[in-house]
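As structure tokens, the structure follows; a few thoughts come after it.
Values below: all heavy atoms of this structure, side chains included; hydrogens, waters and symmetry mates excluded. Chain naming here is simple, since letters A, B, ... match the order of the sequence lines and numbering starts at 1 in each.
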Number of protein chains: 2
Amino acid sequence: MYSLIDIQKRLLPDMLEVMQKRYGILHYIGLMEPVGRRSLAVSLGLTERVLRSEVEFLKEQNLIRISSTGMSLSSDGKDLLEALEGIMREISGIAVMEQALSRKLGIRQAIIVSGNSDESPWVKQELGRATAMCMKARLKGKNIIAVTGGSTMAAVAEMLTPDLAERDWLFVPARGGIGEDVKNQANTICAKMADHTDSRHRVLYVPDQVSKEMYESIIKEPNIKEVITQIKSASMVLHGIGDAITMAERRKTSEEDLEKIKHAKAVGESFGYYFNEGGEVVHKVQTIGLQLDDLSHIEHVIAVAGGSSKAKAITAYMKRAPSSTILVTDEGAAKQLLKG
Amino acid sequence: MYSLIDIQKRLLPDMLEVMQKRYGILHYIGLMEPVGRRSLAVSLGLTERVLRSEVEFLKEQNLIRISSTGMSLSSDGKDLLEALEGIMREISGIAVMEQALSRKLGIRQAIIVSGNSDESPWVKQELGRATAMCMKARLKGKNIIAVTGGSTMAAVAEMLTPDLAERDWLFVPARGGIGEDVKNQANTICAKMADHTDSRHRVLYVPDQVSKEMYESIIKEPNIKEVITQIKSASMVLHGIGDAITMAERRKTSEEDLEKIKHAKAVGESFGYYFNEGGEVVHKVQTIGLQLDDLSHIEHVIAVAGGSSKAKAITAYMKRAPSSTILVTDEGAAKQLLKG
DNA sequence: GATAAGTGGGACATAATATGTCTATGCGGG
DNA sequence: CCCGCATAGACATATTATGTCCCACTTATC
């Protein structure tokens with residue numbers, strides 16, 4: 001069942017931030033009273049004029065008192081603040097976590113949806129929805145979007161809607177075959193995304209184990225070459241992050257490589273790169289398409305991964321991720337990440 | 001303890017109406033789908049453009065689907081609407097009741113605060129606050145405010161604040177002594193109101209039982225005459241409504257009059273006028289100052305009365321009240337009034 | 001199959017509101 | 001007595017909301 005807050009988030013999405021803003025103001029006034037607008041404005045990171053409008057409102061509501069020595073809480077304001085404190089911890093816990101997480105990981109933005117996809121399967125849908133919203137907000141007009149495989153990406157594909165497609169989008173798989181089963185292959189997911197958004201997609205199929213000669217001739221193929229050019233000029237990359245061992249086992253990894261991965265204590269995987277806890281690449285699936293170093297040239301990089309079990313993998317990967325990365329994750333993973 | 005809603009009402013007072021508006025739109029779409037903007041706009045009493053902005057928002061949130069045949073709810077929208085229905089009944093019950101009540105009583109506006117002042121004494125404070133807000137909203141600049149006595153009015157006086165007093169206010173008692181004890185006398189309340197708002201007040205003291213000659217000479221007194229002129233030119237009247245028997249007993253009413261009041265089945269009292277259930281004046285305390293007929297010439301008339309026990313008295317009085325009256329009451333009384 | 005009524009969506013002037021910026025003025029402590 | 005910090009006023013400018021018309025399209029009905 002939806003809670004009142006959940007409903008309000010949907011029906012009045014701005015409400016939350018206004019509430020937080022006003023709560024923050026009350027909170028600080030309570031802390032520093034009596035205090036002037038200027039010092040409050042810098043403390044809160046608001047411009048003076050904005051703060052002033054808010055302060056006028058709060059005065060209107062008799063929540064604060066204004067005198068020539070500064071602002072202070074009225075007794076009503078104190079009562080309200082006390083009641084608010086509990087609520088805000090609950091409500092804006094997520095927003096606070098988003099801030100903390102993006103700072104901790106050194107990335108552009110963290111988006112957290114509530115729940116834990118390890119425990120509740122429907123949280124993956126929420127991850128998908130959040131990712132879709134993020135794509136919508138960041139992309140304008142014509143775009144090439146490079147996508148990797150994985151069950152999380154499949155969930156994202158599922159949540160895309162045609163109303164995003166007023167923009168002109170082209171989905172391309174980020175890298176050639178890195179051996180997932182068909183359902184969660186990048187090619188399949190691209191197709192599904194294109195289908196859900198009424199847009200186009202390309203396929204990139206490179207067999208896994210081929211001779212060097214074969215490989216050379218494949219990438220000379222004009223079709224393939226074109227796709228690779230498109231991949232390199234993508235304006236957005238959408239990728240998942242996996243647990244190293246799980247991914248290695250799920251893929252048709254050779255006994256030798258599997259041993260190598262395990263021995264190097266790899267914990268995270270993304271794009272076919274395997275990372276240890278220090279963020280070092282300990283193994284890499286040789287294939288064509290996007291390489292790790294290419295990421296820094298791409299405008300929008302969105303990493304999607306949820307579930308507390310993926311925390312280690314996320315941490316490891318994020319040590320190498322470009323700082324422009326946006327992480328979409330869930331509460332379960334976020335809490336774990338902030339603990340570590 | 002404050003509930004989330006109460007806090008939000010204080011911290012984001014506009015939120016409630018936006019929520020109601022959006023709820024109403026979803027509700028109607030659910031009812032009439034598929035439906036177009038124009039017919040929806042007239043059904044909801046919104047202009048087409050406003051509705052359109054809202055609809056665009058709802059579409060953005062994936063709560064409704066828009067096709068060439070009209071708008072309909074998405075499955076998300078249906079879920080949300082269902083959850084909203086329960087909440088809105090709770091939240092906006094009051095707003096709905098306000099509408100119903102003002103229509104039923106044939107008055108300009110009804111303002112309802114939650115609770116029942118018969119059961120919870122602090123509801124009187126809420127009545128006071130609501131009345132103060134109403135005064136603030138309706139009065140600009142220089143004003144004369146005529147006030148009656150009673151415990152409810154005393155509560156209003158208690159809740160007035162100096163920040164209302166940027167306006168230039170003068171409080172006058174509406175009528176000469178109608179025999180309440182000092183604490184709840186109009187004179188005392190005027191003084192308290194003036195004190196709380198840093199404004200001025202006048203007194204009007206007319207002894208209860210005096211000879212005709214004495215009376216005549218009193219009202220020739222220049223001071224008294226001036227006050228009476230001010231009363232008649234008041235721009236706002238603030239008055240309570242009482243239960244007839246209670247009021248009669250509380251006042252030093254003669255045995256004869258008391259009998260008359262009881263025999264005539266008076267149920268309501270206001271201004272020293274006693275009304276039966278049909279709204280007929282069955283008895284009147286003879287005194288100088290505002291008369292019942294004067295009310296219709298006064299711009300703002302605010303009646304304040306709460307508690308389910310006062311429902312009958314309110315009904316009775318409202319049959320004679322000018323249609324410009326604003327009633328400030330509580331949930332307890334309102335429910336009772338709407339039942340009858 | 002023509003027609004009329006209803007649909008969403010585009011365009012644009014205008015009103016209302018929010019914001020940035022600068023200034024006047026008052027108060028209290030050193 | 002003056003300096004620094006305080007509020008509050010004023011005003012130009014961005015931004016957003018709203019009112020008003022119009023157009024192209026679908027659909028149900030005759």
Spacing between [X] atom [atom1] and [N] atom [atom2], to the nearest angstrom:
{"X": "A:E54", "N": "D:dT7", "atom1": "CD", "atom2": "C1'", "value": "17 Å"}
{"X": "B:L46", "N": "D:dG19", "atom1": "CG", "atom2": "C1'", "value": "14 Å"}
{"X": "A:E48", "N": "D:dA10", "atom1": "CD", "atom2": "P", "value": "17 Å"}
{"X": "A:L51", "N": "D:dC5", "atom1": "CG", "atom2": "C1'", "value": "15 Å"}

| Using a cut-off of 4.0 Å on non-hydrogen atoms, how would the nucleic acid contact of B:V55 be classed: base, sugar-phosphate, or nothing? |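 The residue B:V55 makes no contact with any strand.
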| Among the nucleotides C:dG9, C:dT19, D:dT7, which one has an atom lying closest to any side-chain atom of A:R37? |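 Of the options given, the side chain of A:R37 lies nearest D:dT7.
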| Closest to side chain of A:R38, choosing from C:dG8, C:dG20, D:dA8 |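 When the side chain of A:R38 is considered, D:dA8 is the closest of C:dG8, C:dG20, D:dA8.
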| Pair B:Q109, B:R138: side-chain N/O donor-acceptor within cut-off below 3.5 Å |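 Indeed, the side chains of B:Q109 and B:R138 share at least one donor-acceptor pair under 3.5 Å.
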| note | Contacts of A:R49 and A:S68 projected onto DNA chain D by closest heavy atom; the upstream (5') one is A:S68
| Between A:K59 and A:E56, does at least one N-O distance fall below 4.0 Å, as a salt bridge requires? | no
| Does any donor-acceptor pair link the side chain of B:R52 with the base of C:dG10 at a separation under 3.5 Å? |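 Yes.
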| task | I would like to know whether A:W169 and A:M193 meet side-chain contact (heavy atoms from CB on, under 4.5 Å); could you show each step before the answer? | result | CA-CA 10 Å; A:W169 286 356; A:M193 287 184 170; over 6 Å; no
